[in-house]
Amino acid sequence: MNKRFEKVLKALRIFAIITTFVATAFCFFALSDDKPSTAQTGFGTSHSSGGSHSSSHSSSSSHSSSSSHRSSSSSSKSSSKGSGRKLTLQETIMVFAIAGGIILTPWLITLAGHAISKSVITANKNRNSRAAEELIKRYIPDFDKDKFLREQYDNYCKMQVAWMNFKLEDVKELLSDELYTMWTSQLDTLELKGEQNVMRDFKFVSASLTGANITNGNLTITTDYVVKARDYIVKKGTNKVIRGNKRLMEINNIMRFRISVDHMNQIDKCPSCGNVITNNTSNVCPFCRSTLFVEHKKWVLTEMTCVGQK
Amino acid sequence: MDITVNELIEKDKTFSESEFKSKVENQFMQIFLAVTVGKIERIDHFVNDEVYARLKAIVEDNAAKNVIHFYEEPNVSNININRIVEEEDCFIIEASLLFKAYDYFASKGDLKFISGNKDYRTETVRRIVFKKMKSAREFGIQRKCPTCGNTMDTNYSGMCPYCKTIFDLETYDWVITFLDI
């Protein structure tokens, strides 16, 4: 549906551009020989007669003789030939109105198309968001969409700061293991080149839930975030920008989060000491202080794809 | 015998096409990054011995020449499953993908450009083959370390966070048996 809309809009845009050209050309040709007449009717300026003589006295008061001279000669031709005929005020207005109509109509249609397409996309998004929320609530009845999106934005900022400072282990618990491994390798590459990816000045723009699915006991949520931030590469230890620039950019990321629903209601036991752990948020066993790896119990980021930057 | 994706899903209930493609992308990137930084032990658990030996040889060769093979700003797209084969004891998936990167060699230390392409991303279609044993044990996201029995939630590192045992993914999941590199 959206794709079809996009095609129609593209066609309309091309049509609008072509008609703008045609209309401009039409105006140009229609008015090019009529400037004296418009001057006469009070619209034009005095430069229309051409030649050195007219340009030397081109004030509004002094032009009448030359323009009237020329217009009278052109008006004498107008009966046999269209070009050079004086246009009346009404005709001039009509020319502008027709040209304006030709130019504006396709643009208005395009704008209307945009508005319709936007509302269709928004409606689809809302429908997807509602369906996703319903699916999530089947497994997590107390799921709060807004709270989730807010929390994940905070986590996103933490991840970016950790990435910038080469301290991914600070956010390991927020990432799936495969993503953590990949980002670690990417950071190693940056370090190898003596570069640093600066990410700062985050500003939240928007966030939405766009989908959810369940596979192999894992619930995966797809979200769409728009944030503003500065994102550029510098030579490590210096402030010299190598790639990108320091301006604030709008970044659109598709982020996927996963949680295992199979083990949600299981009683947690520390794998090291065997004690039962309840409401643990620190990832450290309160009995033996072992680090707990609880990826399946918490939302972890599994994928982050940048789909737009401006 | 060739089978379709739907037939594979019927035979292997844990298979999901989207998850598989996501895995292909992730593992492919990890391999190339591991070659750049020379730490291929990170990817040992999801490639078979033959692929690992080839990658090790490449890394050793680069080290001997004192060069680094950079795949800068890597990107994987257009992942296609071209063929699925069912054999007596395993499933084989042949896939292809479009790999884009600034692909060049630089000298270690001063990072001086030696050869390759640093001006634009080269695009190459790469072939990759995965194999999964039919006897692979199903454990979803929660795995038990075969050595100490503790839960291994860190999914694809192949290392138990408690006893640090590296386990071979071949007994559990898809492993790469061929790779265009």
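Throughout, a chain's letter reflects where its sequence line sits, starting with A, and its residues are numbered from 1.
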So, for [X] and [Y], which heavy atoms are closest and what is the spacing to 0.1 Å?
| X | Y | answer |
| --- | --- | --- |
| R42(B) | D188(A) | NH2-OD2, 2.6 Å |
| T181(A) | Q30(B) | CG2-OE1, 3.3 Å |
| S185(A) | V37(B) | O-CG1, 4.1 Å |

- Message: For M29(B) and Q186(A): C-alpha separation, side-chain torsions, deciding distance, then whether side-chain contact (heavy atoms from CB on, under 4.5 Å) applies.
- Response: CA-CA 9 Å; M29(B) 296 272 272; Q186(A) 286 178 339; 4.1 Å; yes
- Message: Which atoms of E191(A) are under 4.5 Å from chain B, going by heavy atoms: the side chain, the backbone, both sets, or neither?
- Response: neither
- Item | chain B contact via T184(A) - side chain, backbone, both or neither, heavy atoms under 4.5 Å | both
- Query: Between E72(B), E25(B), K39(B), which has the largest tally of heavy atom pairs under 4.5 Å with chain A?
  - Reply: E72(B)
- Message: For T189(A) and Y71(B): C-alpha separation, side-chain torsions, deciding distance, then whether side-chain contact (heavy atoms from CB on, under 4.5 Å) applies.
- Response: CA-CA 9 Å; T189(A) 315; Y71(B) 298 98; over 6 Å; no
Contact part of [X] toward chain A, heavy-atom cut-off under 4.5 Å: side chain, backbone, both or neither?
| X | result |
| --- | --- |
| I68(B) | side chain |
| F32(B) | neither |
| S22(B) | side chain |

- E19(B) bridged to R258(A) by N-O distance under 4.0 Å: no
Taking atom [atom1] as the centre, does [X] end up with more than 12 heavy-atom neighbours from other residues, nucleotides or ligands that are less than 6.0 angstrom away?
| X | atom1 | result |
| --- | --- | --- |
| K167(A) | NZ | no |
| K235(A) | NZ | yes |
| E50(B) | CD | no |

- Task: State the NZ-CG distance between K193(A) and L111(B), to the nearest 0.5 angstrom.
- Result: 9.0 Å
